[in-house]
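Heads up: the structure comes next, in structure tokens.
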Protein chains: 2
Amino acid sequence: MFSNSSTHQGLSWAAERHRFIEAGGNTSHAFGLGRMIGRAYAMLYLATSPMSLDEIAATLRVSKASASTVLRQLASWQAVRQIWVAGDRKDYYEAETDFAVILKEGLMPGVRKKLQTAGTQIEKTLQSSTQKASATPANEEVSPADQAEIRRRLRSAQQLHQRLDKVLGSKLLARFL
Amino acid sequence: MFSNSSTHQGLSWAAERHRFIEAGGNTSHAFGLGRMIGRAYAMLYLATSPMSLDEIAATLRVSKASASTVLRQLASWQAVRQIWVAGDRKDYYEAETDFAVILKEGLMPGVRKKLQTAGTQIEKTLQSSTQKASATPANEEVSPADQAEIRRRLRSAQQLHQRLDKVLGSKLLARFL
DNA sequence: GGGAACGTTCAAAATTTTCTGAACAATGTT
DNA sequence: AACATTGTTCAGAAAATTTTGAACGTTCCC
């Protein structure tokens, strides 16, 4: 009578896996990494044996092109390992289940690079703001008091940047995960 | 002869400010927060007196509608304070320059909520995976060994989630900023 | 009350990002 | 050599996000 496979309260495993995958997608999306990344990783995280590109694409209902792209992204973050099976031309993938590795080796460098870009700009602006003191055109400009305040702020931003970078680079963080 | 205001190497302050603002936009964008957020905050960060909505919109070359939206977002993160000037109907805004406040009061709750969503799903899937042991339809399904492995992984994910949430909630973090 | 000055909301437009199918390169098979 | 299989790339399509202009609600002033 019931076409549904599980007879009472619980959802079927297939359905639950699907929810897990979508939740993974939502999470990665919420953190600005794109929805596919999380979906693909979540799927492999629940897979007990390596999956081929085709299987992955089919499971996620996505083109092979998308799968290829997202897997290479995940691999570049060490979130996924590529497995070669002897006598099989397909590429197989499995999830790295050690989050410490992914965060430390994969994600952190990217985060630090982004912060570095910001830090460089702060530095430049700070320089411009100090040098300006003498080179200001008679033109209507920023008052000396305001200049001082701006420099104070920029230095404070710089300080935060440095502290943050240091913390992210320290193994203290790695030990926490 | 030279229309440019600064005579040698340095860029004009206006130009440098522009670069700073755009860099702010790029940074917030890189972290998945949208480009406007960073632009607006960066601008106010360099402003030594509160700015009205119109001034902000004009400086960022953006509609008043956008400015209104982005400022409310920033205000909800405590990244910006609203200032009322007596006898002036305009709203004025100034940047919160204390990053600890912004991170702790503004950004962190959002991050934790996102993590919470993920955590809830892990919990659900874990439950489904344990309950399933008995309720599995005779159907082709996951082997007991694989089930055990999946549960192991889910518990590990749950553990990470809990540790992360704890760290983010602790004032230890706040003290670092 | 009529009108001006502001900020907000929302449907639609503009833009950016993501996804796909087709073409291709590389490798193996018959 | 011709063909199959597999993964990648890329221009264009599709989808999601952001931005806007116009309509609206308030508040204040005359």
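Atom P of nucleotide D:dT6 and atom CH2 of A:W84 are separated by 16 Å, given to the nearest angstrom. In this entry the distance linking CG of B:L71 with C1' of C:dC6 reads 14 Å, nearest Å. Atom CG in A:L74 sits about 16 Å away from atom C1' in D:dG7, given to the nearest Å. Atom CG in B:L60 sits roughly 10 Å away from atom P in D:dT20 (whole-Å rounding). Look at CG on A:D88: it is 16 Å from P on C:dT27, rounded to the nearest Å. The distance between atom NZ of B:K64 and atom P of D:dA22, rounded to the nearest whole Å, is 13 Å.
A:R112 and A:D165 are joined by a salt bridge, as a carboxylate oxygen and a charged side-chain nitrogen come within less than 4.0 angstrom of each other. A salt bridge does not link B:R19 with B:E22: every distance from a Lys NZ or Arg NE/NH1/NH2 to an Asp or Glu carboxylate oxygen is 4.0 Å or more.
Between the B:S28 side chain and the B:G34 main chain, a donor and an acceptor come within less than 3.5 Å of each other. Between the side chain of B:S76 and the main chain of B:Q73, a donor-acceptor pair closer than 3.5 Å is present.
Judged by distance alone, with hydrogens and angles left aside, A:R89 brings no side-chain donor or acceptor close enough to the base of D:dT6 to form a pair under 3.5 Å.
Both B:L53 and B:I37 belong to a single network of hydrophobic side chains, linked directly or stepwise wherever heavy atoms of I, L, V, M, F, W or Y lie under 4.5 Å apart.
A distance of 6.0 Å or more separates the ring centres of A:Y93 and A:Y41.
Donor-acceptor pairing under 3.5 Å is lacking for the side chains of A:Q116 and A:Q121.
Looking at which nucleotide of DNA chain D each of B:T69 and B:G87 is closest to, the 5′-most match is held by B:T69. Sequence order on DNA chain C of the closest nucleotides to A:S66 and B:A65 puts B:A65 first from the 5' end.
Of the candidate nucleotides C:dT9, C:dG7, D:dT20, C:dG7 has the atom nearest to the side chain of B:D91. The side chain of B:S68 sits closest to C:dG7 out of C:dG7, D:dT20, C:dT20.
For DNA chain D, the neighbouring residues in residues 29-59 of chain A, judged by any heavy atom under 4.0 Å, are A:H29, A:L53.
A sub-4.0 Å separation between OP1 or OP2 of C:dC6 and a side-chain N or O of B:K90 is present.
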